[in-house]
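The basis for the numbers below is simple: all heavy atoms, side chains too, and nothing from hydrogens, waters or symmetry mates.
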Amino acid sequence: MKYNNVVIEDYAYIDPPEVLTSDKLEELLEPIYTRLKLPHGRLELMTGIRSRGFWPNSTRPSSIATQAGEKLLEKLSKKGIQKRDIKLLINSSVCRDFLEPSTASVIHSNLEMPQSCSLFDISNACLGMISGWEVVANMIETGAIKRAIILSGENSAPLLENTIKTLNEDQTITRKSVKKFFANLTIGSAGVAYCLAHKSEAPNAPQITSIINRSDSTANKLCQGDGNPETLVMETDSEELLKYGKALAKKTFEESQLKANEIDIVIGHQVGKAHKEVVLTELGLNKHQTFDTFDTLGNTGSAALPITLAKMNDEQGIEKGKKVALVGIGSGLSCSVLGVTW
């Protein structure tokens, strides 16, 4: 889908208050490291992740997304944009408060949004916020709405705590079976909120020019998570997931009609060092300028790609007119490639 009228009007994000380094995480895993004779330092060496953040275990995903939403609404208010000007609110987090009602309804209430602002959740693993962008972009392009906000609040604490407990206490885990828990140790936390609008509302804002999606549902068993907000569990076949993800990303990029020689900056989903190098090399984009957050935030799920784009602009500045390609991958397996002209 190509777009002529959709812009990124503004964004906001929040970093988690607590930080857990990979060195400290391995100290917490001392019982299984000793029992299986695992070498210390392997976690950062294999992933490039030095640290990941978290909120206290009892923190609701809606609370994190609300904090990001409050920052975004404050920025919009300074531009003269009021809550009544926002016609849709989407929560896109992997983490959610409960089965029903929607987590979006809690965020909507926390932010005291008016009844004229609709709400719903979109769940698509790490691709959730990008899927939210696509839904909103289609609505803006067809004239259904002029402005919406999409939020995500991810907290790794429940998954990390449960994984550490399982690895240290389950004596049946072997050097082979421990691999399915490895991805859990890379998960981080973040809150992020974006406002997309019709370009008539913000003519100088970065413009979303295209979004294309491809899915390979034969890979839906390679990464599966479950549990409640305070005791999450997840098992991942990381090697197979990377193989399937690489192939799907290549196919999606080839069909996106984006040309490598016309792209200035590429940002991929923030899984880790090896994933980044394999996927960008497969797409022929490994020499392009990029930006990482996985080294300090870990894999922040649906927040990863949008918060990386935002932090790159805040910390380095993205020059107006630069062509940015965003490559998002979510377990299941789905891939989206977006074109943005900054």
Side-chain angles (χ1 to χ4, degrees), residues 6-17 53-56 58-98 101-124 126-137 139-140 145-156 188-198 201-202 205-206 208 229 293 297 300-311 313-314:
V6 183
V7 299
I8 299 173
E9 188 166 30
D10 217 330
Y11 58 77
Y13 53 84
I14 53 170
D15 293 325
F54 61 93
W55 276 267
S58 58
T59 306
R60 292 282 189 179
S62 61
S63 173
I64 301 169
T66 297
Q67 293 176 56
E70 289 171 340
K71 289 185 67 175
L72 177 61
L73 290 175
E74 183 179 350
K75 293 177 72 177
L76 293 174
S77 177
K78 292 178 179 176
K79 297 178 178 180
I81 301 164
Q82 305 303 314
K83 293 178 182 177
R84 63 175 178 271
D85 300 320
I86 299 166
K87 300 306 178 185
L88 175 61
L89 180 153
I90 297 175
N91 168 62
S92 62
S93 313
V94 177
C95 302
R96 64 193 72 179
D97 285 16
F98 23 62
S102 69
T103 301
S105 69
V106 181
I107 301 168
H108 190 284
S109 176
N110 291 345
L111 296 176
E112 299 181 337
M113 299 301 291
Q115 292 185 358
S116 58
C117 177
S118 301
L119 65 90
F120 53 82
D121 285 352
I122 283 182
S123 175
N124 195 13
C126 293
L127 208 56
M129 177 163 274
I130 300 305
S131 296
W133 285 17
E134 182 180 16
V135 169
V136 168
M139 296 176 74
I140 292 173
I145 60 172
K146 283 197 170 181
R147 182 179 284 109
I149 59 175
I150 309 98
L151 310 98
S152 172
E154 307 284 23
N155 189 16
S156 61
S189 310
V192 65
Y194 269 72
C195 179
L196 303 189
H198 192 280
E201 303 292 305
I208 296 176
T293 56
L297 291 180
T300 55
S302 67
L305 188 56
I307 200 172
T308 303
L309 176 66
K311 282 181 174 285
N313 187 51
D314 285 355

Worksheet item: Does the side chain of Thr59 come under 3.5 Å of the side chain of Asn155 through a donor N or O and an acceptor N or O?
Response: no
Discussion item. Any heavy-atom pair between the side chains of Leu151 and Leu72 that's under 4.5 Å?
Written reply: no
Worksheet item: Ile150 and Met129: which non-hydrogen atoms are nearest, and at how many Å?
Response: O-CE, 3.1 Å
Discussion item. Between Asp15 and Lys311, does any side-chain N to carboxylate O distance fall below 4.0 Å?
Written reply: yes
Item to complete: Output yes when a side-chain donor or acceptor of Lys83 lies under 3.5 Å from a complementary backbone atom of Leu111, and no otherwise.
Response: yes
Fill in: Steps toward side-chain contact (heavy atoms from CB on, under 4.5 Å) verdict (Asp85, Leu76)
CA-CA 10 Å; Asp85 300 320; Leu76 293 174; over 6 Å; no
Fill in: Distance-only side-chain donor-acceptor flag, Ser152 / Ser92, under 3.5 Å
no
Worksheet item: When you measure from the side chain of Lys75 to the backbone N and O of Tyr11, does any donor-acceptor pair fall under 3.5 Å?
Response: yes
Discussion item. So, taking the atom named CG in Leu73 and the one named CD in Gln82, what distance separates them when rounded to the nearest 0.5 Å?
Written reply: 10.0 Å
Worksheet item: How long is the gap from OH on Tyr13 to OG1 on Thr308, to the nearest 0.5 Å?
Response: 10.5 Å
Worksheet item: Does Gly188 offer a backbone N or O that forms a donor-acceptor pair with the side chain of Glu154 under 3.5 Å?
Response: no
Discussion item. So, taking the atom named NE2 in His108 and the one named CD1 in Ile90, what distance separates them when rounded to the nearest 0.5 Å?
Written reply: 12.0 Å
Worksheet entry | Side-chain donor/acceptor of Ser189 to backbone N/O of Ser156, under 3.5 Å | yes
Worksheet item: Roughly how far, to the nearest 0.5 Å, is SG of Cys195 from CG of Leu89?
Response: 10.5 Å
Fill in: Evaluation steps, side-chain contact (heavy atoms from CB on, under 4.5 Å), between Lys87 and Ser118
CA-CA 6 Å; Lys87 300 306 178 185; Ser118 301; over 6 Å; no
Item to complete: State plainly whether the residues Arg96 and Asp121 are in salt-bridge range, i.e. N to O under 4.0 Å.
Response: no
Discussion item. As an exercise, state the distance from NE2 of His198 to CD1 of Ile145, rounded to the nearest 0.5 Å.
Written reply: 11.0 Å
Worksheet entry | Backbone N/O of Ala310 and side chain of Asn313: donor-acceptor pair under 3.5 Å | no
Worksheet item: Is there a side-chain contact (heavy atoms from CB on, under 4.5 Å) between Met113 and Leu119 once you walk through the steps?
Response: CA-CA 10 Å; Met113 299 301 291; Leu119 65 90; over 6 Å; no
Discussion item. Please check if the number of heavy atoms outside Glu74 that lie under 6.0 Å from its CD is greater than 12.
Written reply: no
Worksheet item: Taking the side chain as C-beta and beyond, is there a heavy-atom pair between Tyr194 and Ile149 under 4.5 Å?
Response: no
Worksheet item: Quick one: does Lys79's side chain have a donor or acceptor within less than 3.5 Å of a partner on Asp10's backbone?
Response: no
Worksheet item: Would you say Arg60 and Val106 make side-chain contact, with heavy atoms under 4.5 Å?
Response: no
Worksheet item: Which pair of non-hydrogen atoms, one from Cys126 and one from Gly301, has the smallest distance, and what is that distance?
Response: SG-CA, 3.5 Å
Item to complete: Please step through side-chain contact (heavy atoms from CB on, under 4.5 Å) for the pair Val7 and Ile208, ending with a clear verdict.
Response: CA-CA 6 Å; Val7 299; Ile208 296 176; over 6 Å; no
Worksheet item: Heavy atoms, side chains only, cut-off 4.5 Å: are Ile130 and Trp133 in contact?
Response: yes
Response to the item:
Heavy-atom closest pair (Thr293 atom, Ala304 atom, distance to 0.1 Å) is OG1-O, 4.4 Å
Worksheet entry | Main-chain N/O of Ser62 paired with Asp97 side-chain donor or acceptor, under 3.5 Å | yes
Worksheet item: Checking Ser93 side chain against Gly153 main chain: does a donor-acceptor pair fall under 3.5 Å?
Response: yes
Worksheet item: Under 4.5 Å between any side-chain heavy atoms of Ile81 and Glu201, yes or no?
Response: no
Worksheet item: Taking atom CD1 of Ile107 and atom CD1 of Ile64, what is their separation to the nearest 0.5 Å?
Response: 10.0 Å
